[in-house]
Asks: 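Next up is a structure, given as structure tokens.
Note that these values count all heavy atoms, side chains included, but never hydrogens, waters or copies made by symmetry. Just so it is clear, the structure is predicted and the values come from calculations on it, not from any experiment. Just follow the structure's listing: the first ligand is 1, and inside any ligand the first atom is 1.
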Amino acid sequence: MYQKSIADQAKGLRAKEFSSEELTREYLDRIKRFDPQLNSYITVVADFAMAQARIADERIAKGDAGPMTGIPLAQKDIFCTNGVRTSCGSKMLDNFIAPYDATVVERFNQAGAVMLGKTNMDEFAMGSSNETSFYGPVKNPWDTKTVPGGSSGGSAASVAARLAAGATGTDTGGSIRQPAALCGITGIKPTYGRVSRYGMIAFASSLDQAGIMTQTAEDSAMMLNVMAGFDERDSTSLDKPVPDYTANLNNDFKGLKIGLPKEYFAEGLDSGVASVVEAAINEYKKLGAEIVDISLPNSSLSVPAYYVVAPAECSSNLSRFDGVRFGYRCEDPKDLEDLYTRSRGEGFGPEVKRRIMVGAYALSAGYYDAYYLKAQKIRRLISDDFKQALNQVDVIMAPTTPTVAFNIGEKVDDPITMYLSDINTIAVNLAGLPGMSIPAGFSQNLPVGLQIIGNYFDESRLLNVAHQYQQVTDWHTQIPKGFE
Ligand code: GLN
């Protein structure tokens, strides 16, 4: 059952080939057997999952089921889950049991999906390798010496190793697309505002967006159908009708204009990754697409602008973790000052502290104009580049990452090199656009992702473009050796 896509599992459940209880049990057994090698879950909720599966089976029997009813999923541990620990990968929230569900979680519950557990992640979603987690690094199932990417590394590894049928993720600067690419799965970051951020622990609020990690584009469409939509509890949620994302998957896209931004194919791109991406683009030509060379001239400014805006927002968002209102509190504080400083000093890891310091500095009175304001202006230039490009073409394609998965430990001591592993994904967040990564082949026996970027609210088109490619290729069906 575990080899099947969500779409096929849903058919199997409906046809009574198997029950949700059987399916859920299979995943729980696989987690027990394989997760010690990967560390992709922080918390597994076996009893809770089995109880949800039984309810799902009743709903299916009564004919009261939707397409996601009974499907076993994993939630990134950044989404609050009522009664279940929500750690955000941090010692700060190691003992935090959320008293409510995030909107995303609530919607999956209503749809009758099963939650297997909460996946490992970089601390407060800050990272590109899942090495900043308080719970230890996640391993990439394609080669356990390498990183799965981050920050949604646990979600990516669990889906790649088939320890969940699908998983949620969040993407502030690439945290869905980059790990999806490095783990050989499909990931979509929707338009900013398409999916509610309520109950999703904030890192950089103007960039954070919840999304999806699955085997196939069709599965992503099914999950997006549940997640997308207005939520009055999130002030940046957009009140726009939600289409059926599965409806246009089979549309013919002859004449589709694909833009290739020259800046994304320049120096720094690994040659093995480049040839895989070129082959994928040739496949699109065969499917009837037209290729257009384009330029996104301010691309080189995206990483520096992001590393001002994101830390600035995080320094403000993370001020709520003070040892009083949430989570970790130091032992025997002498006074209030001591309680604040030691709780934060002991509760946060080094990468989080680095970001808080950079952010507080960039926002300070004397430096605000030089850094924060400047970064905001660059952000506008970057969105304008995309606007212009998307006037000429329907979608933009590029490598998701400049290299395949790197080794655990290789970049931890060099934050700048680590930050550059998101060079191809960050601009999309600064502009608020939707972006996807789909498996396009292998280089050095490790997966390579093709990134597809679209216009605001054009998720249906991205999913259609991805799905058509998956009809003529089988990269997305491959399971890492040792996890079959
Ligand atoms: N790697 C980027 C960072 O560390 C992006 C993280 C994310 O998208 N959450 O900020």
Asks: Ignoring hydrogens and angles, state whether a donor on the side chain of Ser206 or Arg379 is under 3.5 Å from an acceptor on the partner side chain.
Replies: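 Per modelled atom types, Ser206 and Arg379 side chains form a pair under 3.5 Å.
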Asks: Any ion pair linking Asp322 and Arg344 (charged N to carboxylate O, less than 4.0 Å)?
Replies: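 No.
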Asks: With only distance considered, is Thr170 within less than 3.5 Å of ligand 1 through an N or O on each side?
Replies: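 N/O-N/O distance under 3.5 Å: no.
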Asks: Below 4.0 angstrom, N of the basic side chain to O of the carboxylate: do Lys189 and Asp171 qualify?
Replies: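 Between Asp171 and Lys189 there is no salt bridge, as every charged N stays at least 4.0 Å from the carboxylate O atoms.
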Asks: State the atoms of ligand 1, each with its element, that fall below the 4.0 Å cut-off from a heavy-atom position in Met126.
Replies: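 Listed by number with element, the hits are 4 (O).
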Asks: Is there a donor-acceptor contact under 3.5 Å linking the side chains of Glu123 and Thr132?
Replies: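 No.
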Asks: So, Phe124 versus Phe321, ring centres under 6.0 angstrom or not?
Replies: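 Judged by ring-centre distance (under 6.0 Å), Phe124 and Phe321 do meet the cut-off.
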Asks: Judged on heavy-atom distance to atom 7 (C) of ligand 1, which of Gly127, Gly150, Ser175, Pro415 sits nearest?
Replies: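 Nearest heavy atom to atom 7 (C) of ligand 1 lies in Ser175.
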Asks: Tell me, which protein residue and heavy-atom name are nearest atom 10 (O) of ligand 1, and how many Å apart are they?
Replies: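 The closest heavy atom on the protein side is Tyr306 OH, 2.6 Å.
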Asks: Side chain, backbone, both or neither: which part of Tyr307 has a heavy atom under 4.0 Å from ligand 1?
Replies: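 Side chain only.
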Asks: Give a yes or no answer on whether the side chain of Ser175 reaches the backbone of Thr172 with a donor-acceptor pair at less than 3.5 Å.
Replies: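 No, the answer is negative, given that no donor and acceptor are paired below the 3.5 Å cut-off.
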Asks: Going by atom types only, do Ser87 and Lys118 share a side-chain donor-acceptor pair under 3.5 Å?
Replies: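 No, no side-chain donor-acceptor contact under 3.5 Å.
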Asks: Give the residue and atom name of whichever protein heavy atom lies nearest to atom 2 (C) of ligand 1, and the separation in Å to one decimal.
Replies: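 Looking only at protein heavy atoms, the one closest to atom 2 (C) of ligand 1 is Asp422 OD2, 3.2 Å.
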Asks: Between Asp171 and ligand 1, does any nitrogen or oxygen pair lie at a separation below 3.5 Å?
Replies: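 In fact, backbone or side chain, Asp171 has no N or O that close.
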Asks: Under 4.0 Å between a Lys/Arg side-chain N and an Asp/Glu carboxylate O for Arg85 and Asp94?
Replies: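 A salt bridge is present here (some side-chain N lies under 4.0 Å from a carboxylate O).
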Asks: Which option wins on minimum heavy-atom distance to atom 4 (O) of ligand 1: Glu351, Met418, Arg355?
Replies: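 That would be Arg355.
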Asks: Report, in ascending order of atom number, the atoms of ligand 1 lying under 4.0 Å from any heavy atom of Gly173.
Replies: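 Matching atoms, with element in brackets: 5 (C), 7 (C), 8 (O).
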Asks: Under 4.0 Å from ligand 1, counting heavy atoms only, is it the side chain of Ser151, its backbone, both or neither?
Replies: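 It is the side chain that touches ligand 1; the backbone stays farther off.
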Asks: Show me which atoms of ligand 1 lie under 4.0 Å from any heavy atom of Ala125.
Replies: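 Checking each atom against Ala125, I get 6 (C), 7 (C), 9 (N).
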